[in-house]
There are 2 protein chains.
Amino acid sequence: MNTTPKSMKKEILSHIRTYLLESDSATKVELSERLEISFPTISKFIAQMEMNGEIISVGLDESSGGRRAKRYKYNPEYMLGLAIYLEKAETNYVIFNCLGEIKERGDVSSVLEENDLHLLTMCIERVVSDYPKINSIAIGVPGSVDNGRIFYIPGYEQFQNLDVKGFYEEHFSIPVVVENDMNAAVLGYQQNRGVKDNQSLVYLYSGQNGPGAGLLINGNVVRGNTFFAGEVSFVPQNNNQNFRQALENGPKYDDIAFSMDYQIEPISSLVASLTAIINPHTIIFCNDEVDEEIIEIIAIASSKYIPPEHLPNLTISDWRQDYLYGLQSLGINLLINETIQ
Amino acid sequence: MNTTPKSMKKEILSHIRTYLLESDSATKVELSERLEISFPTISKFIAQMEMNGEIISVGLDESSGGRRAKRYKYNPEYMLGLAIYLEKAETNYVIFNCLGEIKERGDVSSVLEENDLHLLTMCIERVVSDYPKINSIAIGVPGSVDNGRIFYIPGYEQFQNLDVKGFYEEHFSIPVVVENDMNAAVLGYQQNRGVKDNQSLVYLYSGQNGPGAGLLINGNVVRGNTFFAGEVSFVPQNNNQNFRQALENGPKYDDIAFSMDYQIEPISSLVASLTAIINPHTIIFCNDEVDEEIIEIIAIASSKYIPPEHLPNLTISDWRQDYLYGLQSLGINLLINETIQ
DNA sequence: AATACTTATTAAAGGCTTTTAATAAGTTAT
DNA sequence: ATAACTTATTAAAAGCCTTTAATAAGTATT
């Protein structure tokens, strides 16, 4: 049940924080009406939060015919988040505030390449002691993650089956979230572009281990039964090839030998498969892999398979930025929802 | 916010009902501990519900060292549900209690074939006046449904774009749920087989409009951006055919000319596509379309495409029964969650 | 400038549930 | 059979949010 006083307080706090951050500033009446929480309760929380320095009074509103209302802003520096990217060749980190503004970036030698968890721990220790306001840690990894535990990360056996979330939450007493890089990217896209939160998105990329996809269905990350969801390499296509083979090898027979780009066909076919199965709202491609022109050709080619009215939007985005944004938004969610006091 | 007294009461009620129905019977202490609601609150609700006849005292427990506890059971006859299936050639209905026990079945001439909503209204009117305890109506239709509104139902234009839920809730003042037949079936399978509620399931069938699928991903029904999700007919496959064509026309070249059943290959390929994209826990086939032997052949054929450890369970089920069960469980959900007093 | 009118904020009362204490109803041991 | 001990239930007190009433602080009008 969610009726204990503590969970109530937590919920009210996150609603107030979310609204203040989203709308930049608010009065008590606005909060009360929007959040459907009574005025006295809002008033009590606001007083407490102002005392803690979590929110700041920014003066009085223009009068709307009566007494002028006090307007409050969230203090974005009240809490900070730390996002860490474990990539093959490098390990970067970013410190950001509740608005997603970056306070510091940095890197350490690749935790994955060195196969050394201790390196990561030391990095976090240093950052956390430099920035005592850090209240959440988001870690992105190129592998499958199950509730903070790294489930499958080919090539980096030291990290296989490691409960990163459990370990660091114990170690630092700070909420931790761990997420797969593609899932973080698709979440980042969703947040960044203001996608409605129950839509379905697919983020396509071609990684070093072959192409793959990050999936959001009805707004939720899809991991699959054996964390195999999004492994679109394996989708069977024409000519007894799967998607990866078709992409790499090109056509094996003459029909489309004169296709300008032999990758168009497998991609369009994959778009059709995705549409016929999950009918997503948008499919996102990486900006270093396609351009607007190719996108349009793909769209046309896909409508060979699927009635055009059902085809998703095909868009292009910046993968690294989405990834960053996704990790940040996971971290900010922890700040907003998990920090209680 | 969910803190208003009314929504609180509603939530407590549904929790008590759910637990009593799932566990057959309970004491106040059991309810209090399991639901994490204080004993006095449970006690108050139980007293009220017993007075209404919603629950029944079934005597005292054996002593566990002290005063013996009273044990309570839910009275399954307290509320009834009505489920109606609109099918091409027939319209059937079922009246059931909270345990899913069927009190009466019946049919009227096909509402769809006659293209006559009034027929349905009259049928419900009669049933509801015969059984005043009916407190929920679940309607299954062979078309796309968006929040109770029939969105797309080829062939029955009178029903196109009809807000069935809104209309009947207004008309009868009883909660109504409308669901697509395949979605109801996959929900029914989930409930009936006690599938964990965040797993992904695919229900495959070959309807008169070609094959299709009902999808549950992370436990939620997937409708898609344009209600096209599950239209697996359109999945591109080998030999420039989509799934439907491959199924209907058979192979067009020689490689697999001696395949025992030429439908094996397209189905296995579809299983592979589903796995590579959403990696479901289980794929369900209809018992009048396949048997155990074929299932095994499909499983083997699929592992040509996908590492076997990622393949879903392939199972067989009774479609009509799952459909019925799905509608019933939607109806029972309304009884449990929406009835307040 | 004084009065009527708006609107924000504070204060008091009421309705929930939870926590804690008290009582009732059994069981076990002497 | 009585005392000591368990456990269920009832009763009272406390906490928290909401509703309602009262007050404060402006604006507009005469």
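Below, read A as the first sequence line, B as the second, and so on, with proteins coming before strands; counting in each chain starts at 1.
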request  = Start with the C-alpha distance between Lys28(A) and Ser43(A), add both sets of side-chain angles, then the distance that settles side chain to side chain donor-acceptor pair (under 3.5 Å), and finish with yes or no.
outcome  = CA-CA 6 Å; Lys28(A) 290 177 181 176; Ser43(A) 204; 3.0 Å; yes
How close or far is atom [atom2] of [N] from atom [atom1] of [X], stated in whole angstroms?
X: Ile16(B); N: dT17(C); atom1: CD1; atom2: C1'; answer: 13 Å
X: Glu30(B); N: dT7(D); atom1: CD; atom2: C1'; answer: 13 Å
X: Lys9(B); N: dT18(C); atom1: NZ; atom2: P; answer: 15 Å
X: Lys10(A); N: dC16(D); atom1: NZ; atom2: C1'; answer: 18 Å
X: Ile37(B); N: dC16(C); atom1: CD1; atom2: P; answer: 16 Å
X: Ile42(A); N: dC16(D); atom1: CD1; atom2: P; answer: 16 Å
X: Leu31(A); N: dT18(D); atom1: CG; atom2: P; answer: 13 Å
X: Met8(B); N: dC16(D); atom1: CE; atom2: P; answer: 13 Å

request  = Output the distance between atom CG (Asn198(B)) and atom CD (Gln190(B)), rounded to the nearest 0.5 Å.
outcome  = 9.0 Å
query = How long is the span from the CD1 atom in Ile16(A) to the CD atom in Gln48(A), to the nearest 0.5 Å?
reply = 11.0 Å
message = So that I can tick it off, tell me whether Asp24(B) and Lys73(B) are bridged by a salt bridge, with the cut-off set at under 4.0 angstrom between side-chain N and carboxylate O.
response = yes
inquiry  = Under a 4.0 Å threshold between the charged nitrogen and the carboxylate oxygen, would Asp61(A) count as salt-bridged to Arg68(A)?
reply    = no
Between protein and nucleic acid, restricted to nucleotides 8-13 of chain D and to nitrogen or oxygen atoms under 3.5 Å apart, what atom pairs and distances do you find?
{"from": "dT9(D)", "atom 1": "OP1", "to": "Lys70(B)", "atom 2": "N", "distance (Å)": "3.1"}

request  = May I ask you to evaluate whether Ser38(B) reaches the phosphate of dT18(C), defined as a side-chain N or O under 4.0 Å from OP1 or OP2?
outcome  = yes
inquiry  = Can you list everything that forms a ring pair (Phe, Tyr, Trp, His ring centres under 6.0 Å) with Phe227(A)? Sequence neighbours excluded, please.
reply    = Phe151(A)
